[in-house]
Amino acid sequence: MSEIKELQAVRKVCDQLKETLACDFVGLAIQNQAGPDVRWHYASGNLNDKYKRITVRFGKGVAGKIISSGTPMMITDFPQGIVGKVTDYPIMLAEKLVSTYAVPLFFNAVPKGVLLVGKRVKYIFSAQEQEKVFKSSLDLEQMLKEHIL
């Protein structure tokens, strides 16, 4: 799955989403094929390459919580109001994100990935912005199906 970041179509969807929403960061995380851990495979607007080394446990951090629950999640003022420790959110720390909205990516009706958009300021994503993220997640699911199976 290391070739995900080289897929031009994936990069295009993420870069367009970043531009359309005027957000600072867009990231794509996928659960490992072997084991429950989740890794960030692609980022647009990243401050550094730390995201490449981040692996979270199923149920931990933004990506792990979304994959375990299968539901979207919004954080509007990190680290205020989070569940758990600040260190449980390594993508937020590495990218200095304050606000994020993330949705699950489903493969064979099972949540296996996460599309996350983020800003480095306090922000609440509108219903229209959330819908754009959701539509982009559906596009990514279609593109990635052959790489996940």
Side-chain angles (χ1 to χ4, degrees), residues 1-107 110-125 129-130 132-141 143-145 147-148:
M1 241 187 311
S2 60
E3 71 274 3
I4 284 177
K5 62 182 157 283
E6 281 118 44
L7 290 175
Q8 190 64 35
V10 170
R11 292 174 57 182
K12 186 177 177 187
V13 168
C14 292
D15 293 345
Q16 281 180 337
L17 187 59
K18 182 176 166 284
E19 189 176 314
T20 303
L21 297 184
C23 57
D24 300 314
F25 179 85
V26 174
L28 176 64
I30 306 287
Q31 188 173 15
N32 293 345
Q33 287 172 319
D37 291 351
V38 181
R39 242 184 70 232
W40 291 95
H41 286 266
Y42 179 74
S44 178
N46 48 306
L47 296 174
N48 51 55
D49 285 343
K50 287 180 184 174
Y51 79 91
K52 294 177 183 176
R53 296 186 297 278
I54 294 173
T55 301
V56 293
R57 286 283 197 214
F58 184 81
K60 294 286 184 186
V62 177
K65 287 181 190 313
I66 289 170
I67 289 174
S68 67
S69 71
T71 58
M73 175 177 161
M74 188 180 331
I75 297 173
T76 57
D77 188 13
F78 182 79
Q80 312 311 320
I82 59 164
V83 177
K85 299 178 288 199
V86 174
T87 53
D88 287 343
Y89 297 79
I91 195 69
M92 303 290 289
L93 295 169
E95 290 298 329
K96 299 180 176 20
L97 298 173
V98 177
S99 307
T100 57
Y101 180 70
V103 296
L105 299 178
F106 290 88
F107 302 98
V110 178
K112 290 284 185 185
V114 173
L115 176 61
L116 176 140
V117 296
K119 293 189 178 231
R120 295 185 177 99
V121 295
K122 187 176 176 180
Y123 188 78
I124 297 172
F125 291 90
E129 290 169 323
Q130 293 175 41
K132 285 179 181 158
V133 176
F134 176 71
K135 285 182 177 168
S136 295
S137 75
L138 296 178
D139 293 342
L140 288 169
E141 284 174 8
M143 291 173 203
L144 293 172
K145 269 189 171 80
H147 296 278
I148 303 298

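Annotation: side chain of Ile91 is not in contact with side chain of Val56 (no heavy-atom distance under 4.5 Å). Residues Val98 and Val121 form no side-chain contact, since every pair of their non-hydrogen atoms from C-beta on lies 4.5 Å or further apart. Between Arg120 and Glu95, some side-chain heavy-atom pair lies under the 4.5 Å cut-off. Within the 4.5 Å cutoff, the side chain of Val38 has no heavy atoms near those of the Ile66 side chain. Contact check for Glu129 versus Tyr101: no side-chain heavy atoms found under the 4.5 Å cut-off. Between Phe25 and Leu47 there is no side-chain heavy-atom pair separated by less than 4.5 Å. No side-chain heavy atom of Met73 sits less than 4.5 Å from a side-chain heavy atom of Thr71. In this structure the side chain of Val26 never reaches within 4.5 angstrom of the side chain of Tyr42, judged on heavy atoms.
The shortest heavy-atom contact between Ala63 and Val114 is O-CG2, 3.6 Å. Taking both residues in full, the closest heavy atoms of Phe78 and Leu97 are given as CD2-O, 3.7 Å, listed atom of the first, atom of the second, then distance. In this structure, Tyr51 and Asn48 approach most closely via the heavy-atom pair CD2-O, 3.7 Å. Shown here for Tyr89 and Lys65, the closest heavy-atom pair between the two residues is OH-CE, 3.1 Å. Pairing each heavy atom of Leu115 with each of Ser137, the nearest pair is CD2-N, 3.7 Å. Shortest non-hydrogen contact noted between Pro111 and Gly70 is CG-CA, 3.9 Å.
We find the NZ-SG distance between Lys119 and Cys23 to be 6.5 Å, quoted to the nearest 0.5 Å. Expressed to the nearest 0.5 Å, how far CG of Leu144 lies from NE2 of His41 amounts to 9.5 Å. Taken to the nearest 0.5 Å, the CD1 atom of Ile75 stands 13.0 Å off from the CD1 atom of Ile124. A distance of 9.0 Å separates OG1 of Thr100 from CE of Met74, quoted to the nearest 0.5 Å. Ser44 contributes atom OG, which lies 4.0 Å from atom CG of Asp15 (distance to the nearest 0.5 angstrom). Note that the NZ atom of Lys12 and the CG atom of Asp139 stand 10.5 Å from one another [nearest 0.5 Å].
A donor-acceptor pair is defined here as one N or O able to donate and one able to accept, closer than 3.5 Å; no such pair exists between the side chain of Glu141 and the backbone of Leu105.
For the residue pair Asp37 / Thr55, no side-chain donor-acceptor distance below 3.5 Å is found, with atom types taken as modelled.
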Exercise for review: Test Leu116 against Trp40 for side chain to side chain contact (heavy atoms under 4.5 Å, CB included), laying out the working first.
Suggested key: CA-CA 10 Å; Leu116 176 140; Trp40 291 95; 3.8 Å; yes

